[in-house]
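Read the structure below first, then the notes.
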Amino acid sequence: MQRNIWYMAISTIVLLVIINNCVYFFITRNMLVEQLDTELQVLGKQIESSVEQTRIGSQMFEDQIGRELRSASIAAKYALNNDIEQVTNDHLTELAAELDISHITLLKKMENRDILLYRSSDPSQLMKSTRDWDPWFRIFHELFEMKGISHEWVGMTLPSFWSGPYEVASTDYKKEYKWGYFYDGTSNYMIDPYVDYEAVAKYNQETGLDRLFENLKEANDSIVEISIVNPETFPNDSVTVNQDGSIREHVVQRPLLYGSYNFVSSYDEQDVKKAYLESENVSREEKIGGSHTYKMFIPVQVKNDKLAMVDEEGTQMSGYVLIIVSDYSLIKEKLLESIIRVALITIMVTAIMLPIVITVMRYFRKLRDQAVQVAQDTYIEEINALFQSIRSQRHDFINQVQTIHSLTKMKMYDELEKFTEAIAGEIHYVNDFINIGNPTVAALVRSKISQAEGFKIDFVRDVKSVNLHAMAGKTLDVNRILGNLIDNAFDEVLKHSEQNRKVILYGREQEGMLYLKVTNYCKDACQTVNSPLFVTGFTSKGGDHQGLGLSIVSELIKQYKGELEVYAVDEHYIEFSVKIPV
């Protein structure tokens, strides 16, 4: 039995260590994920700020190109005849080379309101209609009408001039250009100088966002990819299918604005939409192509500037989504290191604590054995006293019978009554203990009777059929409950005069329940029942009392899932009622 107890104790300790490590694992993992999330948010803010500064720089660079296109338009205005019919394509080719731009095209407004690419240094442009170029076609008409552009769109507007964003050429889908359009009414055509993407591409390669992203990845080992995407067109390119079946992509509607997009997930589209529409960061842990990644989608709103990107309907947008992909395996490495460290510490602590636990358990076992021995000694003492009382009654029985016989023959009935009354009281006293049923409880009651006699307390008992067979070794706890309640009652009535020193004990065991009631005189019963009687340390007795008795009773009753109630019987009597399953 003892060996089993040790096995259970050691098994419990091992189980607690395992549970502790599991709890620590999940807490640490969540803490590391939260830390990574916070770091990515901080990094995201830094990237967002850097991106905006770099993007604004790129936009200013493109705006400067637009101003140079306007200057080239004005130079062409003075170099060309005012009548488009007097201008040749060769003349435009020479002028474009002289101005160091890619090409010059002249647009003419026809009687049917169509606007044609009438003359050009680029042969592929000649006589192309712009009727299907929305919103470019609308802007061309507004420039020809010299009323100003009715509502701003992507690009830059200057007097008599508008420059659109870099876009794929309608005549050569493999090339990107930035066009400028100038018309001041001095000629019958619109001047359209344009340059290719080479200058901007070189700028971005050296100082733009792509270079910024590469520098950030090199500076932070956990960052594997950074992207800026168009939340309305992501992840599919927006294209136009022309009448001849050819497909034209649109730069201003491209889904990937800057950076790279290699870690592709089926959840990316919904995460980008959610971050953009709800204006909240979205995070996701996922394995992609053998890599364990942690993605964060950060929405960015641009308030004081315009973006060179539009949605699927061509409407200019005021925000984008920043995607940061982090290497989640770094968290796993940190977590593994932390778990190993904690495991080693746990083993060391366990090795130190196990002897201490064994010593403490032996100490408490010794205390328990001592308590059991004291209870057993008290039980034997009280049982011996009870048997001694019975033997004394048996020894004196013949003499008592002879005395009764003599008093009867002498007809001394008054003396006979007094004598038999004394005998009946002693017999009733012994029968009380026989009726209680449990020797340990009977011994306790007997000792309290002796105390009551010494204190001149009227101790009334009504305890029957308290066998406690089902509680087996727990009888000691029942005695602790009963003893504390009786002691508390004695202490209370001793405050008062002898005529008010009354304590009533009631006990029954019925239908699997033990019922105990202790009632005593109390001057202010109604007020006392509202006091924190069962709180450790509370006492109304003063002196050396520590306020532990009733709190011990309360804890023991809770331990056995019992009930404890206290109430005022009337103004001067208070009752403690106990109900315990047996």
Heavy-atom neighbours of [X] [atom1] exceed 12 at 6.0 Å:
| X | atom1 | answer |
| --- | --- | --- |
| E571 | CD | no |
| K274 | NZ | no |
| R480 | CZ | no |
| E511 | CD | no |
| Q527 | CD | no |

Taking the side chain as every heavy atom from C-beta outward, state whether [X] and [Y] have any atom pair closer than 4.5 Å.
| X | Y | value |
| --- | --- | --- |
| N488 | L485 | no |
| L482 | L505 | yes |
| L494 | R501 | yes |
| V325 | I226 | no |
| P255 | V229 | no |
| N281 | F297 | no |
| I481 | I557 | yes |
| K287 | S291 | no |

State whether a side-chain donor-acceptor pair under 3.5 Å links T293 with E286. no
When you compare the side chains of E225 and S260, does any donor N or O come within less than 3.5 Å of an acceptor on the partner? yes
Can a salt bridge be assigned to the pair K579 and E563 using a cut-off of 4.0 Å between side-chain N and carboxylate O? yes
Do the charged groups of K448 and D487 touch, with an N to O distance under 4.0 Å? yes
Between Y573 and Y521, is a ring-ring contact (aromatic ring centres under 6.0 Å, His included) present by the stated rule, with each step listed? CA-CA 5 Å; Y573 278 89; Y521 181 85; 5.6 Å; yes
Validation row, ring centre Y276 to ring centre Y320 under 6.0 Å: no
State whether Y267 and R284 meet the cation-pi test: NZ (Lys) or CZ (Arg) under 6.0 Å from the six-membered ring centroid, and within 45° of the perpendicular axis. yes
Tell me the closest heavy-atom pair linking Y567 and S577, and the distance in Å. CE2-CB, 4.3 Å
